[in-house]
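As the structure is a prediction and not an experimental result, all values here were calculated from the model. Indexing begins at 1, ligand by ligand and atom by atom, following the structure's order.
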Amino acid sequence: ADTLGAAAAEKGRYFGAAVSANHLGEAQYVATLNREFSSVTAENEMKWDALEPSRGSFNFSRADQIFDHAKSQGMDVRGHTLVWHSQLPNWVSQLGASDLRTAMNSHITQVMTHYKGEIHSWDVVNEAFQDGGSGARRSSPFQDKLGDGFIEEAFRTARAADPNAKLCYNDYNTDGVNAKSNAVYTMVRDFKARGVPIDCVGFQSHFNPNSPVPSDYQANLQRFADLGVDVQITELDIEGSGQAQAADYGNVVRACLAVSRCTGITVWGIPDKYSWRASGTPLLFDDNYNKKPAYDAVLSAL
Ligand code: XIL
């Protein structure tokens, strides 16, 4: 196959990109998206501040632009993200515990119902653990007011809202075996043991010289898969250029393919010029949509 999506499909996987509604009017952007990718994640448009800017008042227009485009092209859609401390409107942070619980469950239910049956995987909770060696939960309105149980509650609410969506926990700096990924692992193991609904773990995989592709990446994906969940690479980008960057991308793809429950890979943008990383060239296409060596490495690894 000669596109990322088609090559991944031959391996039973999807190959996705984060998409921004701002760029859907740009012909080359859309042509590259449509040609290469089989799954789409809204880069910002399905976050809480975008969908429910004030309590109970939903605006799906930007998210639907991306969703409708993807569906018109036969692409799958990943949902990102329901419960996250960031890009969270102020009104949520100001609620007391009881109202916050109601608002969280209502947000999950309304958003998932809007796309019911149409989203292959949802990031139900994003980035709930601290960096570093503590293995502790990150401070957030949800954690601070509702306690550890907020994650379980969010997943139970999500299962009821759309039983066909795979429900994922998603985080960064969990790509290798370390204290943070151990903490997520312990949570997932506990959820599986107690029957809390969870189907997948997302590994954001934002790599740079300070945070390179870990040597135990595949082993880490595998230990999660062995708990009985799918794993997905959800926000891949790798700062660098040339053959070194290409080699890293190839290693990431091979790690996923070596784990039978690694069901797909999403890169966090299409051309370098639209990367969320302010500097650098972390993606597969240059600013003119030419394929980079990293692209060739991904395609040949698939
Ligand atoms: C980023 C977007 O790419 C930016 O456009 C936005 O300004 C901030 O969020 N982890 C996540 C993603 O889960 O939602 C983030 O996306 C990148 C880090």
Determine whether Gln232 and Cys168 satisfy the following criterion, side chain to side chain contact (heavy atoms under 4.5 Å, CB included), listing intermediate values before the conclusion. CA-CA 9 Å; Gln232 300 175 351; Cys168 306; 4.0 Å; yes
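Ion pairing between a basic and an acidic side chain is recognised when a charged N comes within 4.0 Å of a carboxylate O; Asp286 and Lys292 show no such pairing.
Near Gln204, the atoms of ligand 1 lying under 4.0 angstrom from a non-hydrogen atom of the residue are 10 (N), 11 (C), 13 (O), 18 (C). Taking every non-hydrogen atom of Glu235 and a distance limit under 4.0 Å, the qualifying atoms of ligand 1 come out as 10 (N), 11 (C), 12 (C), 13 (O), 17 (C), 18 (C).
For Asn126, every heavy-atom contact with ligand 1 shorter than 4.0 Å involves the side chain, none the backbone. Heavy atoms of Asp123 found under 4.0 angstrom from ligand 1: none, in either backbone or side chain.
Of the candidates Lys47, His80, Met46, it is Lys47 that places a heavy atom closest to atom 16 (O) of ligand 1.
The protein heavy atom nearest to atom 8 (C) of ligand 1 is Gln87 OE1, 3.4 Å. The protein heavy-atom contact nearest to atom 6 (C) of ligand 1 is Asn44 OD1, 3.3 Å. Glu43 OE2, 2.4 Å is the protein heavy atom nearest to atom 3 (O) of ligand 1.
Ring pair His80/Trp84 is tilted by interplanar angle, where 30° to 60° counts as tilted. Below 30°, between 30° and 60°, or above 60°: for His206 and Trp268 the angle between ring planes is above 60°, a perpendicular geometry. Using cut-offs of 30° and 60° on the angle between ring planes, the pair Tyr217 and Phe207 is perpendicular.
Ligand 1 lies out of reach of Tyr172, whose nearest heavy atom is not under 4.0 Å from it.
Under a cutoff of 6.0 Å and an axis angle of 45°, Arg223 and Tyr185 form a cation-pi pair.
Phe60 and Tyr115 have their aromatic ring centers within a separation under 6.0 angstrom.
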